[in-house]
Amino acid sequence: MSIEVKDLSYVYSPGTPYAAAALNGVSITVNEGDFLGIIGKTGSGKSTFIQHLNALIKLQSGSIKVYDVDLTQKKPDLKKLRGTVGMVMQYPEYQLFDETVEKDVGYGPKNLGLSEEEIKCRVKEAVELVGLNYKEVADRSPFELSGGQKRRVAIAGVIAMRPRVLILDEPTAGLDPRGKKDIMSLVKRLKETSSPTIIIISHDMDAVAENCDKVALFSEGKIQAVGSPREVFYDANALALAEMDVPSVVKIARELQKKGVSLQGKPVTREELVEAIRRWRDE
Ligand code: ADP
Ligand code: MG
């Protein structure tokens, strides 16, 4: 177990005319090694939920434990928490600020109080991990880089902290199809190399189906369904309630079903679809 959330509720500006309920009794366990996809309509509470996990938002009601940091305690160890949970916010490139890529990526490690040597080593490693050439970009201003490169630099700044849990809020938003693909393969690589547990908010159902091993479907501040992609993407009731689309593979399977072709095994990935069609043909 790495993260345990119980009965989490949250209201923005409570007790004012602007009060807005954002979460309403969310409970979920994230295990070490999970690749969790969070899906749901805009306004369903996804960002509010993940921002609780590194205490960017203060707990109002319910409980959250991240490894041994208990956020219900009076003074939780936030330094430890933020060393454990890395957060890549939406459009993280807007948070770049330093004059060189080297300094920007090194900002977090510097705050951890690491030696110059260790900082440099981590920066180099993080920059290379996100697929940039350290020698080429280290001394450049992050503002001179392309959109996709900026986003990579911003992600490198989080990776350089070596978080055990990496959380990304719509990391592919606003990128072209090529950029989206690149960032998704980067996230997969990071899971294998640096952060064993990944939580990703995404509107790309195909990417979630292809990559995640667990899906949480948010709707109106609640988790409407949670389980494997197969369980969630074939839960027609929950999806309808949350007004959510399904991956294209599931759409194809539904269309085939209407035409009398019953595929076995509830495919959600392209590979599974091909396999299911092959089996149907050979029956
Ligand atoms: P999502 O990430 O799924 O789009 P959010 O967590 O951003 O959802 O929002 C959940 C609800 O909280 C929405 O109704 C939204 O309008 C509201 N909300 C989000 N941020 C704020 C804020 N800073 N102040 C007031 N209400 C907010
Ligand atoms: Mg959001």
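Quick caveat: nothing in here was measured; it's all calculated off a predicted structure. Counting convention: from 1, in listed order, for ligands and their atoms alike.
- Of all atoms in ligand 1, numbered sequentially from 1 with element shown, those under 4.0 Å from a heavy atom of A22 are 10 (C), 11 (C), 12 (O).
- By the 4.0 Å heavy-atom criterion, S44 is counted among the residues contacting ligand 1.
- Distance screen at 4.0 Å: atom 16 (O) of ligand 1 has no protein heavy-atom neighbour inside the cut-off.
- For atom 10 (C) of ligand 1, the candidate residues are G43, S219, A20, G40; the nearest heavy-atom contact is made by G43.
- If you check which protein heavy atom lies closest to atom 8 (O) of ligand 1, you get G45 N, 3.2 Å.
- Side-chain contact, Y10 with S61: no donor N or O sits under 3.5 Å from an acceptor N or O.
- The closest protein non-hydrogen atom to atom 19 (C) of ligand 1 is Y12 CE1, 3.4 Å.
- For the residue pair Y67/E32, the side-chain donor-acceptor check at 3.5 Å is satisfied.
- For the 3.5 Å distance criterion, the side chains of Y134 and E125 fail to qualify, holding no donor opposite an acceptor.
- Among all non-hydrogen protein atoms, the one lying nearest atom 6 (O) of ligand 1 is T48 OG1, 2.5 Å.
- When the side chains of ILVMFWY residues are joined at heavy-atom separations under 4.5 Å, either directly or via intervening members, I50 and I223 end up in a single hydrophobic cluster.
- The shortest N or O to N or O distance between T42 and ligand 1 is not below 3.5 Å.
- The Mg ion (ligand 2) has no N, O or S atom of T48 under 2.8 Å away, backbone or side chain.
- Under a cut-off of 6.0 angstrom, the local environment of OH in Y234 is crowded, with over 12 non-hydrogen atoms contributed by other residues, nucleotides or ligands.
- Taking every heavy atom of K41 and a limit of under 4.0 angstrom, the matching atoms of ligand 1 come to 3 (O).
- Using modelled atom types, one finds no donor on one side chain facing an acceptor on the other under 3.5 Å when comparing Q60 with S9.
- Between F218 and F49, the ring centre distance stays below 6.0 Å.
- Polar contact check, A21 against ligand 1: no nitrogen or oxygen pair lies under 3.5 Å apart.
- Taking both residues in full, the closest heavy atoms of A138 and T100 are given as O-CB, 3.5 Å, listed atom of the first, atom of the second, then distance.
- What sits closest to atom 7 (O) of ligand 1 on the protein, heavy atoms only, is S47 CB, 3.9 Å.
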